[in-house]
There are 2 protein chains.
Amino acid sequence: MTETAPRPTLEAVAARAGVSRATVSRVVNGGDGVREPLVERVRKAVEELGYVPNQAARSLVTRRHDAVAVVVAEPETRVFADPFFALQLRGISKELTAHDNQLVLLLTEGRDDHARVGRYLAGGHVDGALVFSLHLDDPLPGLIQRAGVPTVFGGRPGWSGDRQGVVYVDSDNRGGARDAVRHLVGLGRSRIAHIAGALDQTSAVDRLDGYRDVMVDADPRLIVEGDFTPAGGERAMRELLARCPDLDAVFAANDLTASGALRVLRESGRRVPDDVAVVGFDDMLPVAEQTDPPLTTVRQDIEEMGRLMARLLLRGLDRHVGEQGIGAAPSSVVLPTTLVRRASA
Amino acid sequence: MTETAPRPTLEAVAARAGVSRATVSRVVNGGDGVREPLVERVRKAVEELGYVPNQAARSLVTRRHDAVAVVVAEPETRVFADPFFALQLRGISKELTAHDNQLVLLLTEGRDDHARVGRYLAGGHVDGALVFSLHLDDPLPGLIQRAGVPTVFGGRPGWSGDRQGVVYVDSDNRGGARDAVRHLVGLGRSRIAHIAGALDQTSAVDRLDGYRDVMVDADPRLIVEGDFTPAGGERAMRELLARCPDLDAVFAANDLTASGALRVLRESGRRVPDDVAVVGFDDMLPVAEQTDPPLTTVRQDIEEMGRLMARLLLRGLDRHVGEQGIGAAPSSVVLPTTLVRRASA
DNA sequence: CTGAAAGCGCTAACAC
DNA sequence: GTGTTAGCGCTTTCAG
């Protein structure tokens, strides 16, 4: 365990360079308005002493941290099992890094963690927060609002009383779902089932709504709620097959769900797409391309969503420092989706 | 985007409660040595004002952050694709949370990021670091050492000149590999191939060494280097099959690799385990149980490794504050592995 | 262009 | 027990 040596301070650098603390500070922060010879001397001293500014001290006065929290409200860390988060995080990470901001990942495993997260955000460790995967009854948004931290949400939050000034980035879930179902209809299918996602999330609700937009008076038995997991897809598919053995297509709420459905369909002796056509959602490559047959699905650019979330937040922060702001407050964005045809439908 | 209101300070709370800042500070930090009526008054003021301590100010004087960085040196964020990290992170997260420490995840996507990470660590944002997935030539350990942050490594670091006081947590990769190969030998197999991991990582080298321990004079053509991915496993398996069509067993460096190998074996018409027995490493449930046939593999308790890393680090930090330390400096730990028999061997 | 001085919000001795 | 007083290391007016 590396031992921790006492770090040199601004003071020390100033002494060594024979200048004042103020001058060192200026040089360290870009060196504008300091004459070249001095800049040189200070740089040298910094180098020799291995000086690194103490961020706590700096933040205390600037009220800036150049760090952004990413809060993942997924209980039981399904987080990493699901490539979805990975991609989104990656987009976020890239954008933040490009703007020299640090990503601080806050995982919440359960109820108890909420308080801790609230404390952390309110404690002024970060300049803003990116929040994900909210469920309808989640206490997190309230906590965050109280913490008074600028926030951008991933996915449309589903509170009833839509609060002012909430910014989010979402996919056009409803439109994408419509495209998927229309595609199945275009294939001549008529008994089109839907395996929904967990309906306490807006993405699941929106996709279901899109399905209903097209299948205006669908047989209610053709709709089963899943949970966005392969296991849930299997369960739902079994249920559907039992209820409606005559179904000829399935629109699954995401690719993971579709992969489970595919497995059950195969077990039951159905051929895909001949007997039953299947469409997923997400176009999660590792999943959609590996299934048998490869999955026709609705693509959303997940990494871009992440990047965009970060960008909106940072823009909002800049606006903050720039007083009443030249630019308008950032507003929510809904990204388009595209249907990707493979072999399953 | 939630607007940020000015937060009340200790001073404000003190004024409202009619006490000194010191008293408020005491109450906020546990309230020892303050008489009940005052504690009550202060609590009330804190509540009413919605006071939350400013961490930057606190850290400036205590030199404590109650935050630990997790540095993942995996280029190109393979991080999330691999359940391995997920589990380890989870263990870490649990342990840190239990000790009221915040996890700060630092992703490094490439060379450029190293400097940024170094700066972050040296900047005194965190009390310690947990570092993963080092490759032999990684500049990160050097940076970290220079940053002077107490660190625990995940997996034995592979530097030539073994530095003093390096603490790591690792699995008994060599022993586990021996068990795996011995199991295959016990099954009566003699042409046992090995698909190694990326040999710039000690885990891959150790597993290869374990294989060699048992197969003392193995046909060198039976050994191929992979890269811990399914695609690498496929490639390697094809190569092996071309070189040694008579092989009757494969020990793969991890389950992901094994899954790729399995696919190729099936393609080639070999039955597993009848024609070729296969053993993996990791016992990554989502992988090992889903393969066809389910994988016999060497289990390592990955989550526990994560938990242990965090525990060692925190223990070290406590020792630090407790001066010369009552307990000894924490030392490295190597966890045992166990063979899990399923259908593939 | 450079330096002196005043804090940022908090904790920790040290008095009372 | 409680209050007073110094700073922690840095940025930022404000003089010069």
J.: If we count only N and O atoms by modelled type, under 3.5 Å, do the side chains of B/Asn54 and A/Arg63 hold a donor and an acceptor together?
T.: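 Looking only at side-chain atoms, A/Arg63 and B/Asn54 do not form any donor-acceptor pair under 3.5 Å.
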
J.: Taking everything shown except B/Glu47 itself, do over 12 heavy atoms lie less than 6.0 Å from its CD?
T.: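 No.
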
J.: Under a 3.5 Å threshold, yes or no: a donor from one side chain and an acceptor from the other, between B/Gln88 and B/Arg307?
T.: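 Not at all, the side chains of B/Gln88 and B/Arg307 share no donor-acceptor pair under 3.5 Å.
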
J.: Mind checking what makes salt bridge (charged side-chain N to carboxylate O under 4.0 Å, His left out) contact with B/Asp32, not counting sequence neighbours?
T.: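 Once residues adjacent in sequence are excluded, B/Asp32 has no partner under the salt bridge (charged side-chain N to carboxylate O under 4.0 Å, His left out) criterion.
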
J.: Would you give a per-nucleotide map of nucleotides 5-13 of chain D, 5' to 3', where B means the base has a protein non-hydrogen atom under 4.0 Å away, S means only the sugar-phosphate does, and - means neither?
T.: -B-BBBBBB

J.: Charged N to carboxylate O under 4.0 angstrom, A/Glu48 versus A/Lys44?
T.: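 So A/Glu48 pairs with A/Lys44 through a salt bridge.
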
J.: Taking CG from A/Asp32 and C1' from C/dT2, how many angstroms apart are they, rounded to a whole number?
T.: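 Spelled out: CG on A/Asp32 to C1' on C/dT2 is 15 Å.
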
